[in-house]
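To start, the structure under review is shown below, and the notes come after it.
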Protein chains: 2
Amino acid sequence: MAQPALIESKDGAGQGPASLDSVLGFHIRLAHGAVYRHFSETFATLGLTQKQVSTLWLVAEMPGIAQSELGNRLRMDRATAMSIVSRMQERGYLWRERCPSDGRKQLLHLTDEGRNALDQAKTCIEEHERWLKSRFTSDEVKKLVEMLARIHE
Amino acid sequence: MAQPALIESKDGAGQGPASLDSVLGFHIRLAHGAVYRHFSETFATLGLTQKQVSTLWLVAEMPGIAQSELGNRLRMDRATAMSIVSRMQERGYLWRERCPSDGRKQLLHLTDEGRNALDQAKTCIEEHERWLKSRFTSDEVKKLVEMLARIHE
DNA sequence: TATTGTTATACTCTATAACTATA
DNA sequence: TATAGTTATAGAGTATAACAATA
């Protein structure tokens with residue numbers, strides 16, 4: 001983790017990236033990988049993944065959210081949302097309620113166990129975020145979040 | 001993709017993130033997902049993944065790089081590097097050379113076919129990067145890359 | 001017809017473990 | 001002992017396709 005990721009090199013004059021190191025998408029992927037790995041270590045004991053925590057958190061923030069809406073907000077398609085919600089249900093962290101006004105929809109709610117798991121997860125998130133944010137000033141964090149949001153919104 | 005990713009909410013006073021939307025790691029993951037999806041669309045016809053392109057590109061930049069060193073630079077463990085290098089070899093894009101001075105190492109080289117594939121890939125990358133960078137000024141891109149590098153270096 | 005959920009399937013990435021060969 | 005590669009295995013995320021139920 002000490003050496004530079006790639007050789008030093010600059011972009012050519014208008015003919016595309018000369019070096020892999022100048023590709024923005026490349027850095028997003030590497031940064032995501034580093035965050036993913038640290039997250040996994042932090043959450044090894046809890047046995048929850050990023051997506052699973054995001055799901056519990058969002059359901060806690062919006063009780064009764066439809067499964068499809070959860071997918072939209074976490075940028076998952078139906079099949080992916082389905083598999084994650086099902087796993088969280090199997091573990092007893094949330095339950096599905098058939099929507100009375102629209103029989104197609106499944107409304108999601110946390111169980112007490114799910115709320116407990118989320119509380120523990122939030123403590124881990126704090127630690128994880130401290131590790132991540134320690135390399136930035138608070139202004140930089142704000143700017144970084146704002147720029148990343150421009151990508152995924 | 002139009003609506004805000006999450007409900008509006010701010011952090012509490014020193015007791016951790018109040019809303020998922022204020023978690024930096026969350027935005028990194030969503031941004032990575034958006035980039036991943038656009039990349040996949042752009043590269044559907046070429047049939048190459050991000051990791052595969054990175055691998056070809058790095059071998060082109062550093063001919064004779066050892067497989068282990070490739071893994072270090074692209075932040076993959078041995079097993080992951082192995083599977084990606086093997087697939088690129090199966091497709092005839094690179095070949096392994098046993099290192100004469102250290103019999104444990106495999107030195108990597110692109111084939112002519114691999115160089116062709118990389119050239120095509122770079123054209124796609126340009127298009128992909130234009131899509132990605134269009135939301136930023138060039139100063140912002142520089143700042144973003146620099147901040148992301150602080151995470152993965 | 002469109003939306004939502006469901007199931008089945010497949011592929012990539014990631015990681016661990018165990019094994020071999022070499023240093 | 002340590003390093004490099006190899007193989008096997010497993011889990012997570014992502015996506016597509018096909019199907020049923022509902023609007």
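Because the structure is a prediction, the values reported are computed rather than measured. Note on naming: letters A, B, ... go to the chains in the order of the sequence lines (proteins, then strands), and numbering restarts at 1 for each one.
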If you compare every side-chain N and O of [X] against the phosphate oxygens of [N] (OP1, OP2), does one of them come in below 4.0 Å?
| X | N | value |
| --- | --- | --- |
| A:Arg98 | C:dT6 | no |
| A:Thr49 | D:dG13 | yes |
| B:Arg75 | C:dC13 | no |
| B:Ser68 | D:dG5 | yes |
| B:Gln50 | C:dC13 | no |
| A:Ser86 | C:dT6 | no |
| A:Lys105 | D:dA23 | no |
| B:Ser40 | D:dT14 | no |

What integer distance in Å separates [X]:[atom1] from [N]:[atom2]?
| X | N | atom1 | atom2 | answer |
| --- | --- | --- | --- | --- |
| A:Leu70 | C:dT4 | CG | P | 13 Å |
| A:Asp102 | C:dG5 | CG | C1' | 11 Å |
| A:Ile84 | C:dT6 | CD1 | P | 14 Å |
| B:Leu107 | C:dT22 | CG | C1' | 14 Å |
| B:Leu48 | C:dC13 | CG | C1' | 15 Å |
| B:Met76 | C:dA15 | CE | C1' | 14 Å |
| A:Leu108 | C:dT4 | CG | C1' | 12 Å |
| A:Asn72 | C:dG5 | CG | C1' | 13 Å |

Check B:Leu48 against B:Ala121 and note the closest heavy-atom contact, atom names and distance.
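Taking every non-hydrogen atom into account, CD1-CB, 4.3 Å.
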Over all heavy atoms of both residues, which pair between B:Val141 and B:Lys133 is shortest? Give the atoms and the distance, please.
CG1-CE, 3.8 Å
[X] side chain, from C-beta outward: closest of [options]:
| X | options | value |
| --- | --- | --- |
| A:Arg104 | D:dT16, C:dG5, D:dA23 | D:dA23 |
| B:Arg96 | C:dA15, C:dT6, D:dT6 | D:dT6 |
| B:Ala79 | C:dT14, D:dT6, D:dT7 | D:dT7 |

Side chain of B:Arg78, base of D:dA4: donor and acceptor closer than 3.5 Å?
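Between D:dA4 and B:Arg78, which were checked side chain against base, a qualifying N/O pair under 3.5 Å is present.
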A:Arg150: which of A:Glu153, A:Glu146, A:His152 passes side chain to side chain donor-acceptor pair (under 3.5 Å):
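Looking at A:Glu153, A:Glu146, A:His152, the match for A:Arg150 under the side chain to side chain donor-acceptor pair (under 3.5 Å) is A:Glu146.
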Given DNA chain D, 5'-ward residue of the pair A:Ser83 and B:Met82, judged by closest heavy atom:
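The 5'-side residue here is B:Met82.
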How far does CD1 of A:Ile151 sit from CG of A:Leu24, to the nearest 0.5 angstrom?
6.0 Å
Considering every strand and a 4.0 Å limit on heavy-atom distances, what is the contact class for B:Arg29: base, sugar-phosphate, or nothing?
nothing
Would you classify A:Asp77 as touching base, sugar-phosphate or nothing, given that sugar-phosphate means primed atoms plus P, OP1 and OP2, and contacts are heavy atoms under 4.0 Å?
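Base contact - A:Asp77 has a heavy atom under 4.0 Å of at least one base atom.
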Look only at the side chain of B:His27 and the backbone of B:Asp21, and say whether a donor-acceptor pair between them is shorter than 3.5 Å.
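Indeed, once roles are kept as given, a pair shorter than 3.5 Å links the two residues.
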Say whether, by atom type as modelled, one donor and one acceptor occur between the side chain of A:Thr42 and the main chain of A:Cys124 under 3.5 angstrom.
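No; zero donor-acceptor contacts below 3.5 Å.
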Residue whose closest nucleotide on DNA chain C lies nearer the 5' end, A:Tyr36 versus A:Ala66:
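It is A:Ala66 whose nearest nucleotide is closer to the 5' end.
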